[in-house]
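Data block below; observations after.
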Amino acid sequence: MEPAVSDDRIDWFYSFRSPYSYLSGPRGFELADDYRVDLRFRGVIPMMMRGESVPRSKRIHTIRDVKCEARRLGMPFGPSHDPLGEGATRCLAVSEYANDQGRSREFVLSASTGIWAEAVDLTTDEGLRLVSERAGLDWPGCLAAVRDPGIAERVEANTEELVEIGHWGVPVFVFRGEQFWGQDRIDDLRLVLDDAGLRNA
Amino acid sequence: MVPSLIMAISTFTLPARLAAAVRRATGRSGTVELFYAYDEPSSAYALLELASTVQGRRVTIELLPVVSRGIDGDSALERKRAYALVDGRRLARRIDRTMGRSEPVDPGRVAFLAAWTALGPQGPDLQDFAVAAIERLWFAGDGPIEREPFAVLWREMVGGEPPDESSPAAGEAVRANERRMKRSGPYETPAAKVGGRWDFAQDRPRQIGTWLDELGWSRR
């Protein structure tokens, strides 16, 4: 098996159900524009579907905090539609397919915006098709990915790897073995990438 | 509570701004309630950053040290403590400091600092002590944690002998902070509460400054 992390590569663990992952989206993909790194999107199964619980106080704070952060970042937030369960599973499958098609950025941003700013229901074919086609993906290919057990295994592997590296939340960026947890640590990651001399001229 | 309601409430800042205006009109200053823990590097960063944020504003920091905190039954507790060191190094870099420690600090080992601060008189002297103590703890080196160097800081900055950390009053003062933190909403530290809203102080330092500005507590 290929090592989890190698030089000049960033593994980006992301959950479609995490609003902080959503906030990290545009700036996460910009890393690949600004630095000579191989940015690997790694969609993971939501915490709640992995048997972890989130206290009510944390849920309330998260929504309030994300609303403020979204405003600061100039990103829309709300209305949302919780993709927990089938919605997240289908979205993760299509994200793997999008990766294969070289349209990871388009799909992740389209689907996340659908979930967190447009209340698109991704458990329905109509909803998933909308976010997939506007990302430039062909719908039959997306449907095939949703039904492909090999793709489901890839998502499982991403999730297991997040656990193996000892992390618990998302988004997490891993560069040369160092973990950067949170959308508010992207600037710190950029400093490290600058130090490594990886900024594009 | 449904997300849309929480989002709507979060944008409704008029009551907080009015309350701040009333405080100013009656000659009172603004307050940042800071729930923090001496055993975590993110609190060190938050306290230093916040002390700088309130400088030049008519705002004081109410120091509310805690020892026990966190989500009940948190399965990631130990991993979070280890990660806190990694993250702490990055936070230190933001304020041109270098993290001195390479191992997590046991909360019980520095509980005496929480007790002293919880019993101390709130004000600039106590804030100076808290800043100096947490700087010494996290940015000065990796040596053993002894009580006496901190007692010297207390004598210099607050005056007199530090309170007895083994007294029932000390334990009760820290527990009162922990209860207050739970009532206020934060489930982890460091957390800063201003104008009815709380934020993780290590994650939102600039936003706390902006919020103070919005409340009218701008730099003079």
Side-chain angles (χ1 to χ4, degrees), chain A residues 19-20 23 47 50-73 76-82 115-117 119 162-169 172-192 194-195, chain B residues 1-13 42 45 69-95 181-188 191-193 196-211 214:
Chain A
Y20 289 114
L23 292 182
M47 260 174 92
R50 290 184 267 142
E52 300 281 343
S53 62
V54 179
R56 184 170 174 268
S57 56
K58 184 174 178 178
R59 288 200 302 268
I60 291 172
H61 172 72
T62 298
I63 293 167
R64 205 269 307 151
D65 183 51
V66 171
K67 179 71 181 171
C68 291
E69 282 294 276
R71 198 182 312 129
R72 186 178 70 82
L73 294 165
F77 184 65
S80 61
H81 191 288
D82 190 346
I115 291 165
W116 291 108
L162 179 66
V163 176
E164 275 167 25
I165 64 168
H167 218 89
W168 55 91
V172 175
F173 297 84
V174 184
F175 173 69
R176 294 183 180 176
E178 187 174 348
Q179 299 170 15
F180 297 78
W181 174 38
Q183 59 88 22
D184 39 30
R185 297 299 187 270
I186 293 175
D187 285 344
D188 301 288
L189 171 58
R190 293 180 76 97
L191 285 177
V192 171
D194 285 338
D195 288 348
Chain B
M1 218 186 296
V2 292
S4 53
L5 182 58
I6 300 167
M7 287 184 216
I9 291 170
S10 74
T11 58
F12 189 57
T13 59
S42 54
Y45 166 75
R69 74 276 186 192
I71 297 168
D72 291 338
D74 188 352
S75 60
L77 187 65
E78 285 309 309
R79 281 174 287 158
K80 283 181 179 173
R81 288 189 68 206
Y83 177 76
L85 277 180
V86 176
D87 195 48
R89 275 184 215 111
R90 292 195 285 259
L91 295 175
R93 180 180 176 171
R94 291 184 189 175
I95 49 171
M181 181 171 132
K182 269 198 171 170
R183 279 199 310 273
S184 300
Y187 46 90
E188 296 272 16
K193 189 171 181 185
R197 168 184 134 179
W198 72 268
D199 291 284
F200 284 119
Q202 83 281 27
D203 292 336
R204 305 283 177 266
R206 270 177 296 171
Q207 292 86 332
I208 292 168
T210 305
W211 179 226
E214 282 178 39

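Proteins come first, then strands; the chains are lettered A, B, ... in the order of their sequence lines, and each starts at number 1. Both backbone and side-chain heavy atoms feed into the values below; hydrogens, waters and symmetry mates do not.
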Can you list the steps and then say if E69(A) with R204(B) is a salt bridge (charged side-chain N to carboxylate O under 4.0 Å, His left out)? CA-CA 9 Å; E69(A) 282 294 276; R204(B) 305 283 177 266; 3.8 Å; yes
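- The two residues S57(A) and G185(B) make their nearest non-hydrogen contact at CB-O, 4.1 Å.
- Distance check, rounded to the nearest 0.5 Å: CD of Q207(B) to CG of D184(A) gives 8.0 Å.
- Here the closest non-hydrogen pair linking R197(B) and C68(A) is NH1-SG, 4.1 Å.
- At a threshold of 4.5 Å between non-hydrogen side-chain atoms, the residues L91(B) and R185(A) count as touching.
- Closest heavy-atom contact between W181(A) and R90(B): N-NH2, 4.4 Å.
- Between I6(B) and K67(A), every side-chain heavy-atom pair lies at or beyond the 4.5 Å cut-off.
- Contact check on R94(B) versus D188(A) returns a salt bridge, with a Lys/Arg side-chain nitrogen under 4.0 Å from an Asp/Glu carboxylate oxygen.
- Both the backbone and the side chain of W198(B) come within less than 4.5 Å of a heavy atom of chain A.
- The two residues R79(B) and H167(A) have their closest heavy-atom pair at NH1-O, 3.5 Å.
- Under 4.0 Å is where a charged nitrogen must lie from a carboxylate oxygen, and between R64(A) and D199(B) at least one such pair does.
- The residue among R59(A), R71(A), K58(A), R72(A) with the most heavy atom pairs within less than 4.5 Å of chain B is K58(A).
- The shortest side-chain heavy-atom distance between V86(B) and Q179(A) does not fall under the 4.5 Å cut-off.
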